Amino acid sequence: MINIETKLKFRKHIWNNYNNGQFNYCSSRISYSFEEKKKELEMTILITTENKEEFSPVFIEIVDFLYLACGTMPNIIYYKENDEEKDLSILPCRYFPSKQFYSNEHLIDIDDSTLNKTTLENIKNTIRNKPFEIFWAFTALTSKGYEKIYAEHKITLLLQCFEGYIYNKDIKYQSYSFKDSIKEIISYFFDYDKKYNVEILKTLAITEDEYLNILRDTRHQFSHYISKNKSLSRGQDYLINFILLHYIFRIYLLKEINKSLKKLKKQEEKLISKFKYLGYIK
């Protein structure tokens with residue numbers, strides 16, 4: 001029997017609500033608890049398991065879910081097996097969060113209704129059932145290692161994550177064009193823009209199809225060095241669209257694992273406030 005204890009660190013305001021919980025999953029017993037510090041929130045996870053892999057896959061699935069919940073990787077303080085601390089440098093999901101995205105908007109609260117057996121089963125059967133590189137590449141984009149990467153390159157990589165995920169979702173998608181394949185994900189943006197009368201597209205004076213064309217041409221320009229007239233053209237455009245599309249992909253993936261998003265409208269209003277602050281919306 002292996003007893004695993006790990007401690008994670010988040011910005012204190014990263015979730016509005018969080019509660020301790022415990023459950024059984026994959027022959028493991030998992031419990032988690034939170035402790036508030038002055039400026040930080042610490043989360044301790046205890047796992048009792050017979051699994052003898054290098055790092056507990058259950059722990060990695062939990063971290064995957066936490067990334068979708070709050071939009072950034074936590075800082076992992078330590079990972080112990082039977083009181084022996086392990087080298088985190090070889091942990092496959094070990095990404096230091098970027099300061100720019102460390103306080104990203106959370107989408108759902110953490111409690112026994114969101115972090116539980118069903119959630120981890122769905123994580124395993126959706127995200128973990130796809131090539132690992134797609135989700136790891138997605139999480140790396142908000143990491144410290146990508147802080148100095150140009151925003152136009154990051155948004156191109158993000159769009160490639162979209163395409164890769166859809167391509168591997170079902171064989172029927174493998175004949176889709178880039179524009180048609182990412183439409184399934186971007187439709188969440190279109191629906192949300194209409195539902196809450198945000199009118200981002202109206203502010204930009206473009207249609208849904210034109211926005212898809214812009215994303216397609218942006219991807220082609222930086223992936224294939226094909227100059228396009230309709231691609232994004234300014235640094236701020238790249239950054240703000242990256243923030244928006246990263247947010248939308250998290251919504252899409254959470255819907256893929258069948259989780260209801262608590263107080264989603266409130267979080268979307270926060271995002272709109274950020275866009276107004278950046279000058280994207282008047």
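These numbers come from a predicted model, not from an experiment.
Of all the heavy atoms in Tyr32 and Asn19, the pair that sits closest is CE1-O, 3.3 Å. Taking both residues in full, the closest heavy atoms of Asp109 and Thr114 are given as O-OG1, 2.9 Å, listed atom of the first, atom of the second, then distance. For the residue pair Pro97 and Thr72, the shortest heavy atom distance occurs at CB-OG1, 3.2 Å. Across every non-hydrogen atom of Ile76 and Leu88, the tightest pair is O-CD1, 3.6 Å. Shown here for Ser56 and Ile47, the closest heavy-atom pair between the two residues is OG-CD1, 4.0 Å. When all heavy atoms of Phe10 and Cys70 are compared, the pair lying nearest together is CE2-SG, 4.0 Å.
Linking Ile, Leu, Val, Met, Phe, Trp and Tyr whenever their side-chain heavy atoms come within less than 4.5 Å leaves Leu46 and Val58 in two separate clusters. Linking Ile, Leu, Val, Met, Phe, Trp and Tyr residues whenever their side-chain heavy atoms come within less than 4.5 Å leaves Tyr150 and Ile214 in two separate clusters. Residues Ile186 and Tyr167 do not share a hydrophobic cluster, clusters being chains of Ile/Leu/Val/Met/Phe/Trp/Tyr side chains in contact below 4.5 Å. Linking Ile, Leu, Val, Met, Phe, Trp and Tyr whenever their side-chain heavy atoms come within less than 4.5 Å puts Leu244 and Ile149 in one cluster.
In this structure, Tyr211 and Phe190 have perpendicular ring planes: the angle between them is above 60°, well past the 30° mark. Using bins of under 30°, 30° to 60° and over 60° for the plane-to-plane angle, the ring pair Phe162/Phe249 lands in the tilted bin.
Here the CG-CZ distance, from Leu245 to Arg250, works out to 13.0 Å after rounding to the nearest 0.5 Å. Lys183 NZ to Glu208 CD: the interatomic distance, rounded to the nearest 0.5 Å, is 7.5 Å. With rounding to the nearest 0.5 Å, the separation of CG in Asn116 from CD1 in Ile30 is 10.0 Å. The distance from atom CZ of Arg219 to atom CZ of Phe178, rounded to the nearest 0.5 Å, is 5.5 Å. Atoms CG and CH2, on Leu141 and Trp136 in that order, are 15.0 Å from each other to the nearest 0.5 Å. Here CD of Glu163 is found 10.5 Å from CG of Asn168. Values are rounded to the nearest 0.5 Å.
Open room surrounds CD1 on Ile171; 12 or fewer heavy atoms of other groups in view lie less than 6.0 Å from it.
The shortest side-chain heavy-atom distance between Tyr247 and Tyr188 does not fall under the 4.5 Å cut-off. At least one side-chain heavy atom of Phe34 sits under 4.5 Å from a side-chain heavy atom of Leu41. In this structure the side chain of Leu157 reaches within 4.5 angstrom of the side chain of Gln160, judged on heavy atoms. Side-chain contact between Asn20 and Ser31: absent, with no pair of heavy atoms (C-beta onward) separated by less than 4.5 Å. With a 4.5 Å cut-off on side-chain heavy atoms, Ile185 and Ile248 count as touching. Within the 4.5 Å cutoff, the side chain of Ile110 has heavy atoms near those of the Leu66 side chain. Within the 4.5 Å cutoff, the side chain of Ile166 has no heavy atoms near those of the Ile182 side chain. Side-chain contact between Asp209 and Lys179 is present, with at least one heavy-atom pair separated by less than 4.5 Å.
Of the N and O atoms on the side chains of Glu61 and Tyr25, at least one donor lies less than 3.5 Å from an acceptor on the other residue. For the residue pair Ser113/Asp111, the side-chain donor-acceptor check at 3.5 Å is satisfied. For Tyr67 and Thr142, the side-chain atoms include at least one donor-acceptor pair closer than 3.5 Å.
Residues meeting the side-chain contact (heavy atoms from CB on, under 4.5 Å) test with Lys7, sequence neighbours left out: Glu42, Thr44, Ile77, Tyr78. Evaluation of the side chain to side chain donor-acceptor pair (under 3.5 Å) rule for Lys80 yields no partner, not counting sequence neighbours.
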Could you walk me through whether Leu8 and Ile45 pass the side-chain contact (heavy atoms from CB on, under 4.5 Å) test, one step at a time? CA-CA 8 Å; Leu8 314 178; Ile45 303 172; 3.9 Å; yes
Test salt bridge (charged side-chain N to carboxylate O under 4.0 Å, His left out) applied to Glu35 and Lys37, step by step: CA-CA 7 Å; Glu35 181 179 359; Lys37 301 293 184 179; 3.1 Å; yes
Please test Ser177 against Arg216 for side-chain contact (heavy atoms from CB on, under 4.5 Å), starting from the C-alpha separation and ending with a verdict. CA-CA 10 Å; Ser177 67; Arg216 178 200 61 200; over 6 Å; no
From CA spacing to verdict: side-chain contact (heavy atoms from CB on, under 4.5 Å), Asn241, Phe189: CA-CA 11 Å; Asn241 277 277; Phe189 165 43; over 6 Å; no
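Between Phe138 and Tyr165, the distance separating the two ring centers is not shorter than 6.0 angstrom.
Between the side chain of Thr49 and the backbone N or O of Ser28, no donor-acceptor pair lies under 3.5 Å.
Looking at Asn3, Thr48, Asn24 one by one, the single match for side-chain hydrogen bond (donor to acceptor under 3.5 Å, both in side chains) with Arg29 turns out to be Asn24.
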